[in-house]
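Let me begin by presenting the structure, written as structure tokens, before commenting on it.
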Amino acid sequence: MKRPIRVAVTGAAGQIGYSLLFRIASGEMLGKDQPVILQLVEVPVEKAQQALKGVMMELEDCAFPLLVGMEAFDNPRAGFKDVDIALLVGARPRGPGMERKDLLQENAKIFTEQGKALNDVASRDVKVLVVGNPANTNAYIAMKSAPDLPAKNFTAMLRLDHNRALSQLAAKANVAVADIENLIVWGNHSPTMYPDYRFATVKGESLQAKINDAAWNKDTFIPKVGKRGAAIIEARGLSSAASAANAAIDHIRDWVLGSNGKWVTMGIPSDGSYGIPEGIMYGVPVICENGEYKRVEGLEVDAFSRERMDFTLAELLEERDGIQHLLP
Ligand code: NAD
Ligand code: LMR
């Protein structure tokens, strides 16, 4: 039997957790021959811990052969011990009367503490995915709070945006999602993101040439992908959960098992390329192989793209400046 992989999930009793945990335990994230141990972290609040117990009872009742261990925790320092993968889903949601800035400040505390805990107790090779919003800046905070871990181990989720863009493009061009390659979503997981299909192909042919509609790109596609989260909230009364969990599974599965030569979008610390200052957690195209992601390099940035990429960057710099004083 393979060595079990330890997976920590924060916010484990939340909506995304409920869609995520069962798929991890069934082998959809790490492979159908890969045993897992779940280390589930929730806030030290009776109601949350009680709800987590219920979810764990359901996990037990599935009798997943690959789930060889599972434990509940009420703090990250205990919950992240020796973990190989950390899915940081739990975050403070925006409440009535709260400004975006308040959310940043509150989450800065959470992600500073979680980054420090990862730094001190997680596997040195831990792969971290931040889902909790604002995901890019939370990932940046966690990374900066973990100076003993390689910065490249910290990532933010833009895969949901990537998947949303894929579906919109497939519908517009009347092609199969599976046939679209080389899509990118640049920047922040927020309405400023820039989904970019200039390099996308369908069975080797240019998708842009097939669609050939610059007005649709600018006025429909880009805003629709950017505002999809808000549209889901409006329709469902709750934010996306199953699709977010699905994207988290896609992100980690590709990082660990490889993306088979395909471009996928990950929020990763910038190396300074594409005019993005070093360290900023920015969505870029990557190819995953042998447990590592590699940035797709050398792509042309035209004037329209430069403007879009700088717009989403400006927001990330503003978010960073808002929390810089809270970093260790
Ligand atoms: P939810 O409110 O249903 O669940 C969040 C859970 O996290 C709650 O059970 C809460 O108790 C827990 N939690 C809060 N702070 C915690 C902490 N410090 N440690 C451990 N647990 C903590 O929310 P949800 O729908 O599951 O969404 C979770 C987060 O994911 C939100 O921030 C949401 O905005 C974000 N999200 C991101 C994306 C993305 O694409 N990046 C997509 C959807 C949702
Ligand atoms: C999403 O994109 O669905 C989430 O980030 C939730 C949100 O607030 O938009």
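In each ligand, atom 1 is the first atom listed, and ligand 1 is the first ligand listed.
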Could you list the atoms of ligand 1 found under 4.0 angstrom from a heavy atom of [X]?
{"X": "Ser239", "value": "25 (O)"}
{"X": "Gly90", "value": "7 (O), 13 (N), 22 (C)"}
{"X": "Val41", "value": "20 (C), 21 (N)"}
{"X": "Gly11", "value": "6 (C), 7 (O), 12 (C), 20 (C), 21 (N)"}
{"X": "Leu160", "value": "40 (O), 42 (C)"}

### Task
Would you kindly say whether Glu297 and Ser273 are connected by a side-chain donor-acceptor distance under 3.5 Å?
no
### Task
Give a yes/no verdict on whether any heavy atom in Gln114 is under 4.0 Å from an atom of ligand 1.
yes
### Task
Look at ligand 1 and say whether Ala241 reaches it with a heavy atom at a distance under 4.0 Å.
no
May I ask whether [X] has any heavy atom positioned less than 4.0 angstrom from an atom of ligand 2?
{"X": "Ile233", "answer": "yes"}
{"X": "Asn133", "answer": "yes"}
{"X": "His189", "answer": "yes"}

### Query
So does Asp302 pair up with Arg198, basic N to acidic O under 4.0 Å?
yes
## Note on the structure
Within the 4.0 Å heavy-atom cut-off, what His189 brings close to ligand 1 is side chain
### Message
Test of understanding: given a 4.0 Å heavy-atom threshold, classify the contact between Ile110 and ligand 1 as side chain, backbone, both, or neither.
### Response
side chain
### Task
Could you name the option among Val89, Leu40, Val131, Leu158 that has the heavy atom nearest to atom 37 (C) of ligand 1?
Val131
### Message
Tell me whether atom 2 (O) of ligand 1 lies less than 4.0 Å from at least one protein heavy-atom position.
### Response
no
### Message
Under 4.0 Å and counting heavy atoms only, is there anything from the protein next to atom 26 (O) of ligand 1?
### Response
yes
To the closest 0.5 Å, what do you measure between [atom1] ([X]) and [atom2] ([Y])?
{"X": "Ile110", "Y": "Arg92", "atom1": "CD1", "atom2": "CZ", "result": "8.0 Å"}
{"X": "Lys224", "Y": "Lys172", "atom1": "NZ", "atom2": "NZ", "result": "10.5 Å"}
{"X": "Phe73", "Y": "Thr10", "atom1": "CZ", "atom2": "OG1", "result": "13.0 Å"}

### Task
Let me know which of Ile222, Val225, Asn188, Asn136 forms a side chain to side chain contact (heavy atoms under 4.5 Å, CB included) with Met193.
Val225
### Task
Let me know which of His251, Lys127, Glu292 forms a side chain to side chain contact (heavy atoms under 4.5 Å, CB included) with Val256.
Lys127
Top protein contact for [atom], by heavy-atom distance:
{"atom": "atom 33 (C) of ligand 1", "value": "Asn133 ND2, 3.7 Å"}
{"atom": "atom 10 (C) of ligand 1", "value": "Glu42 OE1, 3.5 Å"}
{"atom": "atom 4 (O) of ligand 1", "value": "Gly14 CA, 3.2 Å"}
{"atom": "atom 22 (C) of ligand 1", "value": "Val43 CG1, 3.6 Å"}
{"atom": "atom 9 (O) of ligand 2", "value": "Gly229 CA, 3.4 Å"}

Side chain [X], main chain [Y], donor-acceptor under 3.5 Å:
{"X": "Arg124", "Y": "Asn119", "answer": "yes"}
{"X": "Thr265", "Y": "Val185", "answer": "yes"}
{"X": "Glu113", "Y": "Ala108", "answer": "no"}
{"X": "Asn75", "Y": "Arg77", "answer": "yes"}

Under 3.5 Å, N or O to N or O, is [X] touching ligand 1 that way?
{"X": "Gln15", "result": "yes"}
{"X": "Ser240", "result": "no"}
{"X": "Thr10", "result": "no"}
{"X": "Ala244", "result": "no"}
{"X": "Ile16", "result": "yes"}

### Task
Could you tell me whether some N/O pair between Arg164 and ligand 2 is separated by less than 3.5 angstrom?
yes
### Task
Output yes when the distance from some N or O of ligand 2 to some N or O of Ser239 is under 3.5 Å, and no in every other case.
no
Would a 4.5 Å heavy-atom cut-off, applied to side chains only, mark [X] and [Y] as touching?
{"X": "Pro195", "Y": "Asp161", "value": "no"}
{"X": "Ile232", "Y": "Arg228", "value": "yes"}
{"X": "Phe154", "Y": "Val130", "value": "no"}

### Message
What verdict does the salt bridge (Lys or Arg N to Asp or Glu O under 4.0 Å) test give for Asp310 and Arg306, after you've listed the backbone C-alpha separation in whole Å, the side-chain angles of each residue and the deciding distance to 0.1 Å?
### Response
CA-CA 6 Å; Asp310 287 349; Arg306 185 75 267 158; 3.1 Å; yes
### Task
Kindly say whether the aromatic ring centers of Tyr197 and Phe221 come within a distance under 6.0 Å.
yes
